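Okay, so here's the structure we're looking at.
Letters A, B, ... mirror the listed sequences (proteins, then strands); counts begin at 1. Please read all numbers here as calculations on a predicted model, not as lab measurements.
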Amino acid sequence: MRIATWNVNSVNARLETVLAWFEEASPDVACLQEIKCIDEKFPAEAFERLGYNVAVHGQKTYNGVAMLSKTPLEDVRKGLPGDDGDEHARYIEAVVSGPSPVRVCGIYLPNGNPIGTEKFTYKLGWMKRLNTHARGLLALEEPLVICGDYNVIPEPEDADKPEGWLGDALFQPESRGAFRALKNLGLTDAYMQLDGTPGGYTFWDYQAGAWPRNHGIRIDHHLLSPQAADRLRAVDIHRDVRGGEKPSDHVPVVIELAL
DNA sequence: ATGGCAAGTGAAACTTGA
């Protein structure tokens, strides 16, 4: 089973590009972030034509997440528990049915910039809530994949120019610490487990020629429960997508689980 | 050293992203 995550930076502005990638890569499951539309405006029919079941947690203008799966999605949850006042659409969870079901969580973790503001506080609070929820899911002792745009650069090796990110919310000690705390619950970073080579970037800014200069960062991650990590067979960063037509600033990352 | 792009909204210029 191949499970993808991709921050598409508006699914409707990029629909042709996104569909072309789905036709070629044909993931079994995909979590999309920053769809930037309400549920009713999500192009569900286009994905259904490609054989996908669709679950959407949308929002007008900002954020928005979706999950697509070739097999039916069960137990769909929209929104991260722990704060009923949180109106951002940043979390979707479902059990992907099949011979060996996998629970998949798609996240769009808050950016948190600029630091020293309520935005950074919101980011850290969101990470705390994710930690609490993940702890509960891990207690189920089942295959679990939490993937998405984490907006965290875990280590200096995950940035081409780490010194340029020192003042950024993505690289603050608190952000990195919260990401480590998540892993310390017993979750495995799929890329680090199977590859771990510095330079596995997943995002390049549109500005300042970041792509041609390879000024990238690794911020899109798959974290796996032990039961999922045992089945991990491959991790693939679809880097070439960044050089294509009308690209998102993030590229798809795909993992493969046995069975 | 600095800034440089893209998308949504809504119809110019602001907000957001990372």
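Here A/F171 lies out of heavy-atom contact (under 4.0 Å) with every strand. Within 4.0 Å (heavy atoms only), A/K41 reaches no atom of the nucleic acid at all. If you check every strand for non-hydrogen atoms under 4.0 Å, A/D149 touches sugar and phosphate atoms only. Among the atoms of the strands shown, none is found under 4.0 Å from any heavy atom of A/N12. Among the atoms of the strands shown, none is found under 4.0 Å from any heavy atom of A/D249.
Distance from the side chain of A/Y206 is smallest for B/dG17 among the nucleotides B/dA18, B/dG4, B/dG17. Residue A/A13 places its side chain closer to B/dA7 than to any other of B/dA18, B/dA7, B/dG17. The A/S10 side chain lies nearest to B/dA7 when the options are B/dA18, B/dA7, B/dT16. In this structure, of B/dT16, B/dA7, B/dA18, it is B/dT16 that holds the atom nearest to the side chain of A/Y62.
Between A/N63 and A/K246, the residue anchored nearer the 5' end of DNA chain B, judged by the nucleotide with its closest heavy atom, is A/K246. Between A/I35 and A/F203, the residue anchored nearer the 5' end of DNA chain B, judged by the nucleotide with its closest heavy atom, is A/I35.
Spacing between atom NE2 of A/H88 and atom C1' of B/dT16 amounts to 11 Å, rounded to whole angstrom units. Between A/Q33 atom CD and B/dA7 atom C1' the separation is 17 Å, expressed in whole Å. Between the P atom of B/dT9 and the NZ atom of A/K60 lies a distance of 5 Å, rounded to the nearest Å. Counting to the nearest Å, the C1' atom of B/dG3 and the NZ atom of A/K161 are 16 Å from each other. To the nearest angstrom, P of B/dT15 lies 17 Å from CD of A/Q59. In this structure, the CG atom of A/D160 is 19 Å from the P atom of B/dA18, given to the nearest Å. Here B/dA18 presents its C1' atom at 13 Å from NE2 of A/H221, a figure rounded to the nearest Å. Taking atom CH2 of residue A/W204 and atom C1' of nucleotide B/dA6, one finds them 17 Å apart after rounding to whole Å.
Using P as the reference atom, B/dT15 and B/dA1 are 29 Å apart when rounded to the nearest Å. Spacing of P atoms, B/dT2 relative to B/dA13, comes out at 28 Å, to the nearest Å. Nucleotides B/dG10 and B/dT16, compared at atom P, are 15 Å apart to the nearest Å. With C1' as the reference atom, B/dA11 and B/dA7 are 15 Å apart, rounded to whole Å. Of the P atoms belonging to B/dA18 and B/dC14, the separation is 22 Å, rounded to the nearest Å.
Taking the six-membered ring wherever Trp is involved, the centroid distance between the rings of A/Y108 and A/Y91 does not fall below 6.0 Å. For A/W21 and A/H238, the ring centers sit closer than 6.0 Å to each other.
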(message) Using the rule given for ring-ring contact (aromatic ring centres under 6.0 Å, His included), can you reason through A/F179 versus A/H221, listing the C-alpha separation, both sets of side-chain angles and the distance that settles it, and then say yes or no?
(response) CA-CA 11 Å; A/F179 185 76; A/H221 311 294; 5.0 Å; yes
(request) Could you give me the CA-CA distance, side-chain angles and deciding distance for A/E174 and A/K123, then say whether salt bridge (charged side-chain N to carboxylate O under 4.0 Å, His left out) is met? (result) CA-CA 10 Å; A/E174 295 94 331; A/K123 176 185 190 128; over 6 Å; no
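Taking 4.0 Å as the cut-off between side-chain N and carboxylate O, A/D39 and A/K60 do not count as a salt-bridged pair. By the 4.0 Å N-to-carboxylate-O rule, A/R129 lies close enough to A/D86 to be salt-bridged with it.
In the interface, the side chain of A/N111 is paired with the base of B/dA18 through a donor and an acceptor atom under 3.5 Å apart.
For the OP1/OP2 pair of B/dA6 and a distance below 4.0 Å, the side-chain nitrogens and oxygens of A/K36 include no atom meeting the criterion. Between A/N7 and B/dA18 there is a side-chain N or O to OP1 or OP2 distance below 4.0 Å. Taking side-chain N and O atoms only, A/R14 has no distance below 4.0 Å to OP1 or OP2 of B/dA6. Under 4.0 angstrom from either OP1 or OP2 of B/dA18 there lies at least one side-chain N or O belonging to A/H250. The phosphate of B/dA6 (OP1 or OP2) has no side-chain N or O of A/N9 nearer than 4.0 angstrom.
Atom CG of A/N184 has more than 12 neighbouring heavy atoms from other residues, nucleotides or ligands inside a 6.0 Å radius.
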